[in-house]
2 protein chains.
Amino acid sequence: MTVTIYDVAREANVSMATVSRVVNGNQNVKPSTRKKVLEVIERLEYRPNAVARGLASKKTTTVGVIIPDISNNIYAEAARGIEDIATMYRYNIILANSDQNEDKELSLLDTMLGKQVDGIVMMSDAVTPKLLQSMENSPVPIVLAGSIDESQKLPSVNIDYFQATYEAVNMLITNGHKRIAFVSGPLSYTINVKYKLEAYKKALKDAGLDVDESLIVAEDSTYDGGVEAWKELNQIENPPTAYFAGSDELAIGIIHAAQDHGIKVPEDIEVISFENSKLARMVRPQLTSVALPLYEIGAVSMRLLTKFLNKEKVEDQNVILPYRIEKRDSVKEKSKK
Amino acid sequence: MTVTIYDVAREANVSMATVSRVVNGNQNVKPSTRKKVLEVIERLEYRPNAVARGLASKKTTTVGVIIPDISNNIYAEAARGIEDIATMYRYNIILANSDQNEDKELSLLDTMLGKQVDGIVMMSDAVTPKLLQSMENSPVPIVLAGSIDESQKLPSVNIDYFQATYEAVNMLITNGHKRIAFVSGPLSYTINVKYKLEAYKKALKDAGLDVDESLIVAEDSTYDGGVEAWKELNQIENPPTAYFAGSDELAIGIIHAAQDHGIKVPEDIEVISFENSKLARMVRPQLTSVALPLYEIGAVSMRLLTKFLNKEKVEDQNVILPYRIEKRDSVKEKSKK
DNA sequence: TTGTAACAGTCAAAGGTTTTCCCTCCTTTT
DNA sequence: AAAAGGAGGGAAAACCTTTGACTGTTACAA
């Protein structure tokens with residue numbers, strides 16, 4: 001039925017060991033033998049069985065990728081980075097969505113280990129103790145992409161969320177705003193609460209501004225969440241004049257809600273977002289945004305994983321990538337100084 | 001080192017076959033035996049090796065998914081549909097990007113077959129003869145998701161692109177437009193040239209309008225492509241007053257290019273797009289758009305694949321899903337009649 | 001009481017590779 | 001001319017399960 005290494009060996013009058021050597025590029029084969037074997041492989045259309053190979057070698061050249069939701073551009077972008085580097089190093093990817101649900105994450109982890117992946121790249125906005133423990137017990141390396149494990153026990157790739165947020169909020173402060181809203185995604189996400197929110201508070205304090213809890217709102221990181229946030233923030237006595245938005249969609253929701261009420265951006269209110277997806281250029285005004293290097297986070301994570309897989313030495317297993325702030329039209333020039 | 005079925009068998013005083021039965025839910029095991037085995041499994045933290053299992057059973061419970069680009073929302077949405085249904089049927093997904101490059105598609109196909117996937121879901125905007133041939137020779141079932149193989153030899157899931165386009169263009173005609181532009185993605189894509197473009201031409205002809213080749217332009221399906229298209233179309237003597245755009249990004253590009261030149265949508269020009277991603281609601285005016293059910297295309301494709309994998313009977317292997325046109329603000333009401 | 005069927009379980013082959021160990025020739029070296 | 005060393009390749013174990021053939025036991029109908 002299917003042609004095996006054994007068939008090739010027989011046809012080529014060599015042992016299966018030799019065929020294996022040829023297939024795997026082992027040097028211990030005479031060129032003439034190699035040629036002969038290669039010809040038979042061609043003729044028989046032999047295709048090595050990766051499953052058998054995996055069983056024998058204990059390597060599957062497959063890595064697991066667990067992400068919250070591939071249909072969300074943020075994760076999709078990172079996934080592409082992961083896959084590109086994986087391909088470059090001849091790995092395939094088993095991709096699964098966790099919906100940021102701990103039980104799914106746990107069971108996915110288990111499934112993938114059962115499938116004998118050589119390593120795992122994990123994206124999770126909330127690394128719970130249980131999850132962390134599972135990952136630490138993993139027999140194969142795991143790297144966290146764009147995800148925070150505060151204990152720093154696991155390798156990870158991130159940007160300095162605190163610094164980035166601080167800088168963004170500061171732009172707004174520099175532009176003279178006193179009432180700056182903080183609109184973020186769910187506060188169950190580590191990055192939102194431990195980094196962005198903290199940085200926001202620190203920036204205000206450093207500028208001698210009060211932190212008004214009513215200016216802090218959390219919604220789903222969606223367009224509608226942004227609209228919702230704007231409404232909420234505009235029924236308080238003293239609405240904000242500037243917004244820090246945790247994502248592009250949030251920012252666009254805020255802007256459109258405002259515009260629909262005759263408020264002009266950036267003339268009347270200013271908005272800065274955190275993401276800089278391609279959406280940022282596709283709305284008017286175009287979004288000033290902290291550029292999150294999603295693709296790079298994915299790519300570097302995968303590269304880091306390959307280092308572990310190849311037993312290369314890794315200097316620092318918690319990588320911090322640079323970010324920049326893309327200045328466009330939702331924040332006035334002034335701050336450029 | 002790693003605990004195997006053999007260790008469990010020894011500890012539980014049964015044969016590995018019995019352990020295997022317990023693990024696989026085979027009924028031929030006495031409840032007391034089952035319990036005993038389960039306890040040992042628990043205690044030893046035994047985790048079945050899916051690779052060995054795959055070798056022995058010749059089933060991997062893994063399916064391959066080949067798509068042009070996961071970072072593109074269109075495919076990501078479909079991928080999510082695929083993955084959800086795959087999960088529901090306990091399959092995992094090996095995901096790979098082809099960049100719509102025939103060589104990559106071919107080699108990906110080969111790699112996945114080598115990995116012994118049980119089936120494949122393929123998305124390709126240009127099913128070449130060579131690719132088709134490879135897929136036909138596949139030892140495992142392959143279904144085409146949102147992709148056209150004109151020979152209909154392979155199972156597939158699509159919508160009626162022709163009808164949808166015809167209807168969309170007709171809305172524009174109904175609104176009194178005589179000069180309607182057709183702006184699409186690459187003409188190397190089957191759907192664009194054989195369905196959308198043909199439908200556009202037919203709609204015009206049926207309305208007694210001439211087809212003006214200078215109103216037909218193909219660009220990358222991106223925002224910038226849309227901007228480009230608008231520019232191109234507005235340096236001809238008699239620019240169009242309405243646009244059929246092959247994707248949301250294209251539509252948005254066209255709209256913004258126009259707006260940046262003081263042209264109002266839908267007062268001065270009207271635009272209808274083909275996709276209805278979440279972007280459609282995130283721009284002003286909101287996009288009137290043919291709603292492409294991407295998630296469903298993915299989900300139904302995967303479901304179809306499971307039917308083949310379970311040897312269920314399939315009535316029609318070329319599924320056509322319904323579509324609708326989402327009426328919003330980039331086309332005037334009139335056509336609603 | 002016997003025969004039979006269902007049930008529980010065992011044994012061992014099979015699945016397709018990789019890999020370790022070993023052997024046989026040749027070449028070199030001395 | 002003998003010893004040493006290396007290149008090329010073979011044999012077979014190992015990887016961990018599933019699965020089909022088979023055996024022994026039990027329960028029940030006849």
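Below, all heavy atoms of this structure are taken into account, side chains as well, without hydrogens, waters or symmetry copies. Just so it is clear: chains get the letters A, B, ... in the order the sequence lines come, proteins before strands, and each one is counted from 1.
Between its two ends, the helix from C:dT1-D:dA30 to C:dT30-D:dA1 turns its axis by 40°, counting five pairs per end and rounding to 10 degrees.
Rounding to whole angstrom units, CG of residue A:Asn28 and C1' of C:dC23 are separated by 14 Å. Between the C1' atom of C:dT10 and the CZ atom of B:Arg10 lies a distance of 17 Å, rounded to the nearest Å.
The side chain to side chain donor-acceptor pair (under 3.5 Å) search around A:Glu45 returns none, not counting sequence neighbours. Residues forming a side chain to side chain donor-acceptor pair (under 3.5 Å) with A:Lys58 (at least two apart in sequence, or on another chain): none. Residues satisfying the salt bridge (Lys or Arg N to Asp or Glu O under 4.0 Å) criterion with B:Lys194, sequence neighbours excluded, are B:Glu150. Residues that satisfy the salt bridge (Lys or Arg N to Asp or Glu O under 4.0 Å) test with B:Glu296, not counting sequence neighbours, are absent from this structure. The salt bridge (Lys or Arg N to Asp or Glu O under 4.0 Å) search around B:Lys35 returns B:Glu39, not counting sequence neighbours. Partners of B:Glu77 under the side chain to side chain donor-acceptor pair (under 3.5 Å) rule, at least two apart in sequence or in another chain, do not exist in this structure. Under the salt bridge (Lys or Arg N to Asp or Glu O under 4.0 Å) criterion, A:Asp99 pairs with A:Lys104, B:Arg80, not counting sequence neighbours. Under the side chain to side chain donor-acceptor pair (under 3.5 Å) criterion, A:Tyr295 pairs with A:Asp84, sequence neighbours left out.
Minimum interatomic distance between B:Gly298 and B:Ile82 (heavy atoms only, all atoms of both residues): O-CG1, 3.4 Å.
Note on residues 118-133 of chain A: pairs passing side-chain hydrogen bond (donor to acceptor under 3.5 Å, both in side chains), not counting sequence neighbours, are A:Thr60-A:Asp118, A:Tyr75-A:Asp125, A:Gln100-A:Ser124, A:Glu102-A:Thr128, A:Glu105-A:Ser124.
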Nucleotide by nucleotide, nucleotides 11-20 of chain C touches protein heavy atoms under 4.0 Å in the pattern (B base, S sugar-phosphate only, - none) B---BBBBB-
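Note that the first and last nucleotides of DNA chain D, 5' to 3', having any atom under 4.0 angstrom from a heavy atom of chain A are D:dG8 to D:dC16.
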